[in-house]
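Report on one structure; see the data block that follows.
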Amino acid sequence: MQVLLETKGLTKQFGGIIANKNINLTVNKGTTTGLIGPNGSGKTTLINQVSGELPATSGRTFFKGEDITGYSANKIARSGIGRTFQRIRLFHRLTVVENVLVARRHFFSANVLDIVLNTRRNRREEREQLEHAMTLLQRLGIESEAGKLPTALPYGKRRALEIARALALEPELLLLDEPAAGMAKEEYADIVRIMERLKEQGITMLLVEHTMEFIRRVVDWVYVLNFGEVISQGVFGDVEQDENVIKAYLGGDETL
Amino acid sequence: MRKRLKLVMILVFLGAVLYYPLMEENEYRLFVMNRGLIHAILASGLVFLTGFAGQISLGQAGFYAIGAYTSAILSTSYGVPIPLSIIVGVIFSVVAGLVVSVPSFNLKAFFLSLVTIAFGLIVHRLIVNLQPLTGGTNGFFGIPPMRWAGSMFTSNMHYYLFLGILAATVVSMYHIKRSYLGRAMFAINDDETAAESCGISARKAKVFAFAFSGALAGLAGALYAHFAGFLTPEPFVFFESSRFVGMAVVGGLRHLWGGVIGGIGLTLLPETLRLPYAGWENYYLLLASTITILFVVFLPRGLGDLASKALDRLWKVEGATKTLKDATVVDDSEAGADDASLT
Amino acid sequence: MLGLTDFIQNLVAGVSVGLTYGLMGLGVVFLWQSINRINFANISSAMLSVYLFFLFHTWLGLSMLLSAVLAIVLVAVYGLGLRYLLYEPITKRGGARLEFVVATLMLTVFWLTLIIAMFGGMPRRFPPLFGDATQFVRFFGVGVRAIYFYMIVVVAVLMTLLHVILRKTLMGKMLRATAQSKETAQLMGINVNLTANLAFVMSTTVVGVAGLLLGPIYFVSPVLGGGAIGIKGFAAAVMGGLVDPYGAILGGVVLGALENFSTLFISSAYRDVISFAVIAVVLVWKPTGIFNWTSKKE
């Protein structure tokens, strides 16, 4: 199997607090990898390090064999890593479809002059990208909301929009930070369906999630983090039985 | 029916705007109107910078001054043809905009406002002190006026030139707003982290916003230099910068026409208050700034917002269709109309 | 060569003028700590106190001391007015920082226009509140203007007073608790409303005092509210990271000294250019402040 993402000894320190210590993680192409662990175990920090939002204190990240350590977040996004956030972050002054179009920025070749004069090239590209964005919205079942502002959307659809926006980058890897958190029952079912569809389409994903049922259903390989360290990894069925993991969760306020 | 009403109103408005200087008998009022147009160009740049990209500049008079003095010095002391000197003035302001954009990479809007104030003050002090070049506080005189076919620009010609440039500015901003550049700018304004995750370089967007608004301020300054014929450091003080921001806010920061409405409105306002009562002469400016404060406090979204809502009601466009129209990004009918006004 | 005389004269002048910048910086710090806003209208407070003083003494014939006290009291009340006539209405209508910034800036324009309309742009003689402005005293055998010593003494007294208030009294505890977290303060039963009023009043008062101290140097003139001096107060506050009152005072002193020595070594014409450049550099290089001992953020 082909390795898509690899971290080597990734460490993050905030002042005196170590959030992540020596994380070695491998994500294979076409698979869905899960990150689980008690609250504060460094899962989100790890996602933020990979996406470039947080610079690593030490260690390296490789994507498609290229060392992307220290790249800016926007460069990492362009190189093919899309992401969503733990607390949904949308652009509230842009409509739903414009939110998706933001991430299509690098599929435009029109220059400033094209834009100011609204040349044929600019109009054609706008039309093409608009169509593409609408297709994406359709894939996630929110095309009827295209003209609304994100604040007018129910929570589940906001999450779908955030995923659509990440997909607009045409990423090879999708980072999802608690995609099912806070979902009502129906919304949850929608999200699971979306994840399964993405899996079928062969999109590689790395996701953080607390809902174990969700992990069991969509994830191929799990890493368990505790106090910023990987304490176990494997298929979910095995990890579930791991004594270290059970102990970590019993120590925390959550149970498997 | 509604569509026809809209068309009629637009035509009447256009006709009035184009016919205005021909029927204006008071030369001074036309002069004030021309200054209003210059301010509108500059304030539009601030709408772009603050309303679109979420950056702030309280030193816009600095860019204005750079454009004005560059074009004045080049054309007067070095005999550079005026169109060229104006272009060089704009380029210098753009360069200054690039420099000022650097602090915006890491600073919150608010500290940035202090840096931009410092920038404006530095430019002002340099003008005062570089006397051999700028004339210092004595002023810089004898700036050649613009010419057409050998004869000097009349007030009417100035009016049409400034109006054309302002129209081009608004049309450019309209197109940028609806392009990937505009979306990138709105995105970093809303949420920089999320924008970065979409592959948008926040730095590039900020640099572009500062360069564009710097260019407009520089252009306004260069036009002013040749229009007025002389320059003193006075119009480039810190408080002019705050007046400019006031124009953008009163007009409506989030509104395409905000700069136009605020720029012209706040330039005309003191003049309309200039009533012929004895002892009043000193106080009309006071009333003007009071009105500005009241606008900011009671109408923080600006006149542009108010006007567009009123017009929307007039066209009877329902909320839902309105948002859909906005969403489709390329609205051909409107884009076409604007293209027509460009030529 | 730089003589000892020049050095001492510039040092004393720089430090004392710098202390007044520091006082203005305190005005910024108080407000930032309590409501997280910068009040550009406070730029005018220095000018207002000087003109009020002038008005009371020269036009109404009150004694100098009474005039000065009345001027300061009115400026303090002005601080309260800023809250209820500007800050609260804007906040209530959903206006955020930008709207507050613009409104307060417009207010400075208003005051400046009013003063020029009433008194004209020309400076007027500042009544000798601190004795004859041309008076000199010997300091290490060098003649130094007496006004500088007044400045140092007044600021020292005021600082001590503020220190005692902030550290030792209940009011100070309330202010500091509110500065750290509004929610916690509220839970502790602190009257957040009252502390906000205090912050507004204190912020304009210190700037008003600074204005009176600068009177003998700048005279009764609109220059005091013209922006440049106020911005130096902001710069002092920035050096203290906007949160550290002592850092603001120290920042003001450093700025004042820098200004005077740049006059000495480079040219008086470029004095302001240099200090504004320093402000820009400090902001970009260390936005958390170079003299900030209050918040140690990474």
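No experiment lies behind these values; they were computed from the predicted model shown.
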Residue selection (most heavy-atom pairs with chain B, distance under 4.5 Å) from [options]:
options                            : value
I90(C), V273(C), L283(C), V282(C)  : L283(C)
A280(C), S275(C), A103(C), A228(C) : A103(C)
I279(C), T104(C), L242(C), V281(C) : L242(C)

With a 4.5 Å cut-off on side-chain heavy atoms, are [Y] and [X] touching?
X       : Y       : value
V101(C) : S113(B) : no
I293(B) : L107(C) : yes
F234(C) : I117(B) : no
R93(C)  : F298(B) : yes
P300(B) : E99(C)  : yes

Counting only heavy atoms closer than 4.5 Å, note whether [X] contacts chain B via side chain, backbone, both or neither.
X       : answer
A235(C) : neither
F100(C) : neither
L114(C) : both
L112(C) : side chain
I115(C) : neither

Using 0.5 Å steps for rounding, measure from the [atom1] atom of [X] to the [atom2] atom of [Y].
X       : Y       : atom1 : atom2 : result
L105(C) : R243(B) : CG    : CZ    : 11.5 Å
F276(C) : I122(B) : CZ    : CD1   : 8.0 Å
Y270(C) : R125(B) : OH    : CZ    : 12.5 Å
I38(C)  : L114(B) : CD1   : CG    : 5.5 Å

Non-hydrogen atoms of chain C under 4.5 Å away: do they reach the side chain of [X], the backbone, both or neither?
X       : value
N129(B) : both
L58(B)  : side chain
L253(B) : side chain
R301(B) : neither
V297(B) : both
T50(B)  : side chain

Using a 6.0 Å cut-off, check whether atom [atom1] of [X] has over 12 heavy atoms from anything other than its own residue.
X       : atom1 : answer
Q131(B) : CD    : yes
F54(C)  : CZ    : yes
Y84(C)  : OH    : yes

Looking at every heavy atom in both [X] and [Y], which two are closest together, and how far apart are they?
X       : Y       : result
F110(C) : L286(B) : O-CD1, 3.5 Å
G246(B) : V102(C) : CA-CG1, 4.0 Å
S242(B) : V109(C) : OG-CG2, 4.2 Å
M106(C) : S289(B) : O-CB, 4.4 Å

Aromatic rings F238(B) and F40(C): how do their planes relate, parallel, tilted or perpendicular, breaks at 30° and 60°?
tilted
As a quick check of understanding, evaluate side-chain contact (heavy atoms from CB on, under 4.5 Å) for D272(C) and L121(B), giving each step before the final call.
CA-CA 8 Å; D272(C) 283 350; L121(B) 288 169; over 6 Å; no
